[in-house]
Visitor: 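Take a look at this one; I'll ask things after.
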Amino acid sequence: MKNLPKISIIGAGNVGATTAMMITEAELANIALFDVAKAMAKAKSIDMSHALAAKSLNIKIEPIDDYKGISGSSIVVVTAGFPRKPGMSRDDLLKANADIIKSVSKEIKKYAPGAIVIIVTNPLDVMAYLSYKITGFNHSRVLGMAGVLDSARLTDFIAARLNVKRSDIESTVLGSHGELMVPVYSQTMLNNKPLTDILQQKDLDELSALTKNAGAQIVSLLGTGSAYYGPAASVFEMVKAILLDNKTTHCACSYLQGEYGLRDVYIGVPCVLGKKGIERVVELKLTKPESDVLAKSAESIKAMIRKLEIN
Ligand code: TXD
């Protein structure tokens, strides 16, 4: 097997397993896969190993039975938890998933103290904060995935709307992963031209509504479970930037210490990703309405954090 970095994925459900497949297909890292449903994690690992064999790839996916198996990981991706059911908001998952994130974070602290942690479990911003508190890791090593996905969704809607290439678009979506996400059109570019110069406010509002509703639309169409190809591809992009030390900018859920006028909260902002995890937060110039929504978004995250009584 190839001598590559090790990534552990906690939660071998839809997002976790799809992420494992994408990372190994790209020959980025060997994977250790853990789930409370141990037989399921084992079954998926075996099946994915067969897929890798079919593609003649010498990458390892191994199921692990306990948390000792995560030791030596460069990155731990946490997707363990319950997904939304139709009609549920991301916040409805708060208490149930907080218990899971608490216990998983304790194990990461114990067995992978040098790892970078990428939280995926919803409600994302709150779970990232909780993991930061429980692991006690430097905030640069605990981040959440949502902005890459929300930006990708916006990109897809813009490309369809304007009939242009996705690769010519660079979207920026900040804020919480939910109703209060903040698409920043002054910083969303089509061939380096801001979208505010291309579309009317009414069109931009429509794009925002589509982006905000994208997750719920998939939940309601699926009937059980929530989106996973888009989420897994978004985790993959973050993992790649970190492992390859790309120092590229991605919207990610990061701890803020005064940036954007916000403090002691995890929220989606543009971040430079590299081998340290979040190398730095990029401060964009926002319009007053944009920064107002961002502040509101931070308030709603803080209100949920208070409900958990972490400190
Ligand atoms: O943008 C984003 N951040 C998101 C977040 C996009 C998509 C999904 N989002 C959230 O990720 C979703 O709302 C859930 O909270 C998680 C995982 O979503 P997924 O679709 O992968 O859910 P599954 O398929 O139900 O998988 C979750 C797995 C499942 O196999 C459980 O057995 C396992 O988590 N699980 C655990 N594993 C380890 N340890 C514990 N304690 C545990 N509890 C459940």
Side-chain angles (χ1 to χ4, degrees), residues 8-22 32-45 63-67 69-70 76-108 111 117-131 134 143-154 173 175-179 181 211-212 214-219 222-239 250-254 266-268 301:
S8 292
I9 300 183
I10 313 301
N14 284 335
V15 179
T18 311
T19 303
M21 198 65 233
M22 288 182 180
L33 196 58
F34 179 84
D35 199 290
V36 278
K38 290 186 182 165
M40 186 270 284
K42 190 169 179 185
K44 288 193 179 181
S45 302
I64 51 173
D65 267 355
D66 59 46
Y67 277 96
I70 71 170
V76 180
V77 177
V78 182
T79 72
F82 301 102
R84 280 193 285 169
K85 297 200 176 85
M88 266 175 105
S89 77
R90 291 178 177 92
D91 303 354
D92 292 335
L93 297 171
L94 181 63
K95 282 264 157 46
N97 283 350
D99 289 342
I100 294 172
I101 293 301
K102 261 186 215 161
S103 74
V104 172
S105 299
K106 281 182 192 154
E107 304 286 0
I108 296 173
Y111 292 109
V117 182
I118 301 179
I119 300 289
V120 180
T121 307
N122 271 327
L124 189 266
D125 312 271
V126 186
M127 296 302 125
Y129 183 91
L130 181 58
S131 185
I134 303 285
L143 53 158
M145 185 293 289
V148 176
L149 174 63
D150 295 329
S151 302
R153 285 173 171 166
L154 177 58
V173 181
S176 69
H177 183 49
E179 264 311 294
M181 66 180 70
T211 306
K212 282 179 197 173
Q217 184 195 15
I218 293 169
V219 167
L222 279 175
T224 47
S226 53
Y228 52 100
Y229 293 111
S234 304
V235 176
F236 172 83
E237 288 302 315
M238 293 172 76
V239 162
H250 304 259
C251 293
C253 179
S254 168
Y266 262 81
I267 193 164
I301 296 165

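Indexing begins at 1, ligand by ligand and atom by atom, following the structure's order.
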Visitor: Val104 to ligand 1: N or O pair under 3.5 Å?
Guide: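 Between Val104 and ligand 1 (N or O atoms, distance only) the closest approach is not under 3.5 Å.
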Visitor: Within the structure, is a non-hydrogen atom of Tyr228 found at a distance of less than 4.0 Å from ligand 1?
Guide: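 Distance cut 4.0 Å: Tyr228 fails for ligand 1.
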Visitor: Could you tell me, atom by atom, which parts of ligand 1 come under 4.0 Å of a heavy atom of Ala227?
Guide: 7 (C)
Visitor: With a 4.0 Å cut-off on heavy atoms, is Ser103 in contact with ligand 1?
Guide: no
Visitor: Write out the residue and atom name of the closest protein heavy atom to atom 6 (C) of ligand 1, then the distance separating them to 0.1 Å.
Guide: Pro231 CG, 3.5 Å
Visitor: Short N/O distance, under 3.5 Å, between Phe82 and ligand 1?
Guide: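 Phe82 vs ligand 1: N/O contact under 3.5 Å present.
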Visitor: Work out whether the distance between some heavy atom of Met40 and some atom of ligand 1 is less than 4.0 Å.
Guide: yes
Visitor: Among Ala80, Gly147, Gly16, Ser234, whose heavy atom sits nearest atom 36 (C) of ligand 1?
Guide: Ala80
Visitor: What's the shortest distance from atom 4 (C) of ligand 1 to any protein heavy atom, and which residue and atom give it?
Guide: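 For this ligand atom, the closest protein heavy atom is Val120 O, 3.8 Å.
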Visitor: Give the residue, atom name and distance (to 0.1 Å) of the protein heavy atom nearest atom 26 (O) of ligand 1.
Guide: Gly13 CA, 3.2 Å
Visitor: Taking NZ in Lys42 as the centre, count heavy atoms belonging to other residues, nucleotides or ligands within less than 6.0 Å. Is the count above 12?
Guide: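 Counting other residues, nucleotides and ligands, NZ of Lys42 stays at 12 neighbours or fewer.
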Visitor: Quick check: does any side chain N or O of Ser151 sit under 3.5 Å from a backbone N or O of Val148, one acting as donor and the other as acceptor?
Guide: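 Not confirmed, Ser151 side chain does not pair with Val148 backbone.
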Visitor: Which option wins on minimum heavy-atom distance to atom 8 (C) of ligand 1: Val15, Ile118, Thr18?
Guide: Val15
Visitor: Sequence neighbours excluded, which residues qualify as side-chain contact (heavy atoms from CB on, under 4.5 Å) partners of Ala41?
Guide: Ala12, Asp35
Visitor: Please state which protein non-hydrogen atom is closest to atom 1 (O) of ligand 1 and give its distance, to 0.1 Å?
Guide: His177 NE2, 3.1 Å
Visitor: Taking Lys38 for its side chain and Asp65 for its backbone only, find out whether a donor-acceptor pair lies under 3.5 Å.
Guide: yes
Visitor: Given side chains that start at C-beta, do those of Leu143 and Ser254 come closer than 4.5 Å, heavy atoms only?
Guide: no
Visitor: Parallel under 30°, tilted from 30 to 60°, perpendicular over 60°: which one fits the rings of Phe34 and Tyr67?
Guide: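 It falls in the tilted class, 30° to 60°.
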Visitor: Using a 4.0 Å cut-off to any heavy atom of Asn97, which atoms of ligand 1 qualify?
Guide: 15 (O)
Visitor: Report yes if the side chains of Met145 and Pro231 come closer than 4.5 Å at any heavy-atom pair, otherwise no.
Guide: yes
Visitor: If we count only N and O atoms by modelled type, under 3.5 Å, do the side chains of Asp150 and His177 hold a donor and an acceptor together?
Guide: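 Note: Asp150 and His177 side chains meet the donor-acceptor criterion.
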Visitor: Looking only at protein heavy atoms, identify the closest one to atom 40 (C) of ligand 1 and say how far it is in Å.
Guide: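 Going by distance alone, atom 40 (C) of ligand 1 is nearest to Val36 CG1, 3.5 Å.
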Visitor: So does Asn122 get a backbone contact from the side chain of Asn97, meaning a donor-acceptor N/O pair under 3.5 Å?
Guide: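 Present.
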Visitor: So which atom in Met22 and which in Phe236 form the shortest heavy-atom distance, rounded to 0.1 Å?
Guide: O-CE1, 3.5 Å
Visitor: Taking only heavy atoms of Leu149 into account, list the atoms of ligand 1 that are under 4.0 Å away from them.
Guide: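 Checking each atom against Leu149, I get 1 (O).
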Visitor: Would a 4.5 Å heavy-atom cut-off, applied to side chains only, mark Val78 and Ile108 as touching?
Guide: yes
Visitor: Considering Asp35, Leu93, Ile100 one by one, which has a heavy atom nearer to atom 30 (O) of ligand 1 than any of the others?
Guide: Asp35
Visitor: Give the residue, atom name and distance (to 0.1 Å) of the protein heavy atom nearest atom 16 (C) of ligand 1.
Guide: Thr79 O, 3.6 Å
Visitor: Tell me which protein heavy atom sits closest to atom 13 (O) of ligand 1, plus the residue, atom name and distance to 0.1 Å.
Guide: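 Here the closest protein heavy atom is Asn122 ND2, 3.1 Å.
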Visitor: Give a yes or no on whether the backbone of Gly13 and the side-chain of Thr79 come within a donor-acceptor separation of less than 3.5 Å.
Guide: no
Visitor: So which protein heavy atom does atom 24 (O) of ligand 1 come closest to, and at what separation?
Guide: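 Scanning the protein heavy atoms, the shortest distance from atom 24 (O) of ligand 1 goes to Asn14 N, 2.8 Å.
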